[in-house]
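When a ligand or atom number is given, it counts from 1 through the structure's own listing order. It should be emphasised that the depicted structure is a prediction, and the values quoted were computed from it without experimental measurement.
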Amino acid sequence: MISVEQAKKILSENSEKGQIIEKSLGECLGLILAEDIYSPIDVPSFDNSAMDGYAMNFEETNRSWEVSNTIQAGDTSEINIAPGKAARIFTGAKIPKGTNTVIPQELIETIEEGQISYSGDKISTGSNVRLKGSQSKKNSLILEKGQVLGAGQIGLLASVGVAQVKVFSPPKVGFIVTGNELKEPGTPLKDGEIYNSNGPMLEALLKESCVRKIKSYKAEDDKDSLQKIIDLALSENDILLLSGGISVGDYDFVKECLNTAKVKELFYKIKQRPGKPMFAGKKDKKLILALPGNPASVHSCFIQYVRPSINFWLGKTAVWEADHNLEISEDIPKKTGFTHFMKGKKNGDKVELLKGQQSFNLQAFATAECLLELPAENSVVTAGTKVKVYDL
Ligand SMILES: Nc1nc2c(c(=O)[nH]1)N[C@H]1C(S)=C(S)[C@@H](COP(=O)(O)OP(=O)(O)OC[C@H]3O[C@@H](n4cnc5c(N)ncnc54)[C@H](O)[C@@H]3O)O[C@H]1N2
Ligand code: MOO
């Protein structure tokens with residue numbers, strides 16, 4: 001049995017990176033940029049009004065103007081405003097030639113018969129004009145390679161007119177849930193049967209990890225049919241996950257079938273709880289991770305091993321590191337020699353343990369915010385000790 005650190009090292013040495021491909025903005029959420037992006041245009045690409053109001057040359061000493069034009073957002077015509085004149089203008093509309101300032105309509109003092117005036121002190125030359133290039137200058141670097149594309153970055157790219165960017169293509173991931181006892185939610189249960197919670201949970205975890213091409217398979221605890229499904233799933237995916245059937249029971253065939261499928265073992269069994277009998281293997285460039293069937297094992301092993309492997313594939317950095325180092329708020333007894341991953345909740349700069357940590361118990365998942373890592377060597381981790389914390 002190897003340690004958590006050894007398992008992560010082996011996986012980090014065997015992780016693959018996705019291919020660089022062009023994707024449209026709508027497909028980029030959560031993906032990593034594989035190129036630097038320079039703005040192809042100035043944004044704004046023309047001086048425009050920040051307010052609904054009136055545009056004029058504010059250098060003119062007489063603070064009264066005749067309104068000669070109306071300019072709407074989207075109006076592309078070249079308009080020239082003569083001295084002593086102003087234009088009615090709306091937010092986002094192009095500032096006409098001959099003007100340099102916009103006075104919001106609520107600050108205008110008199111508006112009658114096409115004549116406006118202003119004598120206040122809130123406005124100065126240039127007020128309420130968004131200058132060309134003030135967001136992004138043409139050819140300037142706006143996003144760097146390695147950037148995670150969230151809503152803000154996608155909005156910025158759209159604003160400069162970029163429709164497609166190079167990103168690391170996410171992997172195709174398949175998962176096989178195994179077990180005769182499994183029934184799908186929504187169908188009645190007989191005594192001895194349980195609902196398949198690992199399947200929907202894995203699918204959700206994969207979606208949270210930006211994987212979009214997901215295939216799910218289901219296998220009975222029967223060697224021949226499991227073998228067929230493993231062979232098919234291996235041919236259809238870049239990463240294959242399995243749930244259950246990896247321990248030492250008479251009906252645990254996953255390891256044997258993976259062996260028959262010529263999957264090379266990277267490790268089997270980690271000194272951890274939950275998830276001790278986890279298996280990792282490779283076939284060519286495909287990564288195979290068999291997660292012990294208890295729901296807590298599936299969840300914890302996903303956060304510790306599957307998510308970082310996917311993140312590395314996506315081009316993220318520091319994927320094997322914990323998100324925080326936080327003090328625990330109480331003494332936590334544990335089994336020496338095993339790293340424990342436990343569900344917790346952040347409370348200010350401390351982290352609290354949740355009740356219901358048993359490996360079959362899913363209730364605590366619903367309130368958990370993070371996993372705490374309790375070191376293998378301790379028999380108790382005392383209150384105030386800083387531990388590694390992984391966000392869920
Ligand atoms: N004699 C020993 N028995 C066990 C050991 C051991 O070392 N010696 N290890 C235990 C540990 S630790 C774990 S973890 C489990 C892992 O077993 P498997 O990976 O073979 O998983 P299964 O036996 O198929 O299932 C375990 C448990 O999880 C439930 N399960 C399975 N699939 C699902 C699903 N899709 N949704 C919800 N729940 C699921 C299943 O009904 C079992 O209760 O082995 C221990 N045994
Ligand atoms: O390794 Mo297991 O502790 O029952 O999840």
Name each N or O atom in ligand 2 that is under 3.5 Å from a protein N or O, and give the partner atom and the distance.
unit_1: ligand 2; atom_1: 1 (O); unit_2: Gly275; atom_2: N; d: 2.6
unit_1: ligand 2; atom_1: 1 (O); unit_2: Lys276; atom_2: N; d: 2.6
unit_1: ligand 2; atom_1: 4 (O); unit_2: Asn294; atom_2: ND2; d: 2.9
unit_1: ligand 2; atom_1: 4 (O); unit_2: Ser359; atom_2: OG; d: 3.3
unit_1: ligand 2; atom_1: 5 (O); unit_2: Gly275; atom_2: N; d: 3.0
unit_1: ligand 2; atom_1: 5 (O); unit_2: Ser297; atom_2: OG; d: 2.3

Which protein non-hydrogen atom lies closest to atom 25 (O) of ligand 1, naming both residue and atom, and how far is it? Gly293 CA, 3.9 Å
Any idea which atoms of ligand 1 are less than 4.0 Å away from a heavy-atom of Lys276? 6 (C), 7 (O)
Enumerate the atoms of ligand 1 whose separation from the nearest heavy atom of Pro292 is less than 4.0 angstrom. 14 (S), 16 (C), 19 (O)
Report whether Ile310 and Leu33 are members of the same hydrophobic cluster (ILVMFWY, side-chain heavy atoms less than 4.5 Å apart, transitive linking). yes
To which of Asp221, Asn294, Val298 does the heavy atom nearest atom 43 (O) of ligand 1 belong? Asn294
Taking distance alone, with no angle check, do Gly199 and ligand 1 share an N/O pair under 3.5 Å? no
Within 45 degrees of the axis of the six-membered ring of Tyr268 and under 6.0 Å from its centre: does Lys255 put its NZ or CZ there? yes
Of the side chain and backbone of Ile194, name the one, both, or neither that has a heavy atom under 4.0 Å from an atom of ligand 1. side chain
Salt bridge between Asp323 and Lys388, side-chain N to carboxylate O under 4.0 Å? no
With heavy atoms of Tyr195 as the reference, note each atom of ligand 1 found under 4.0 Å away. 36 (N), 37 (C)
Close-contact set for ligand 1 against Ser297 heavy atoms, below 4.0 Å: 14 (S)
Here's one to test your reading of the geometry: is the NZ or CZ of Arg63 within 45 degrees of the ring axis of Phe58 and under 6.0 Å from its centre? yes
Can a cation-pi geometry be assigned to Arg88 and Tyr54, taking NZ or CZ under 6.0 Å from the six-membered ring centre and within 45° of the ring axis? yes
If we only count N/O pairs under 3.5 Å, is Ile246 in contact with ligand 1? yes
Could you tell me which atoms of ligand 1, counted from 1 in the order shown, lie closer than 4.0 angstrom to a heavy atom of Asp252? 20 (O)
Asn196: numbered ligand 1 atoms lying under 4.0 Å from its heavy atoms: 34 (C), 35 (N), 36 (N)
Would you call Glu78 and Lys97 a salt bridge, taking side-chain N to carboxylate O under 4.0 Å as the test? yes
For a quick test of your reading: what N or O donor-acceptor pairs under 3.5 Å do the side chains of residues 330-338 make, sequence neighbours left out?
unit_1: Asp331; atom_1: OD1; unit_2: Ala383; atom_2: N; d: 2.8
unit_1: Lys334; atom_1: NZ; unit_2: Phe338; atom_2: O; d: 2.8
unit_1: Lys334; atom_1: NZ; unit_2: Pro375; atom_2: O; d: 2.9
unit_1: Lys334; atom_1: NZ; unit_2: Ala376; atom_2: O; d: 3.2
unit_1: Lys334; atom_1: NZ; unit_2: Asn378; atom_2: O; d: 2.9

Determine the sole option in Ser297, Ser300, Ser243 for which the side chain to side chain contact (heavy atoms under 4.5 Å, CB included) test with Pro292 is passed. Ser297
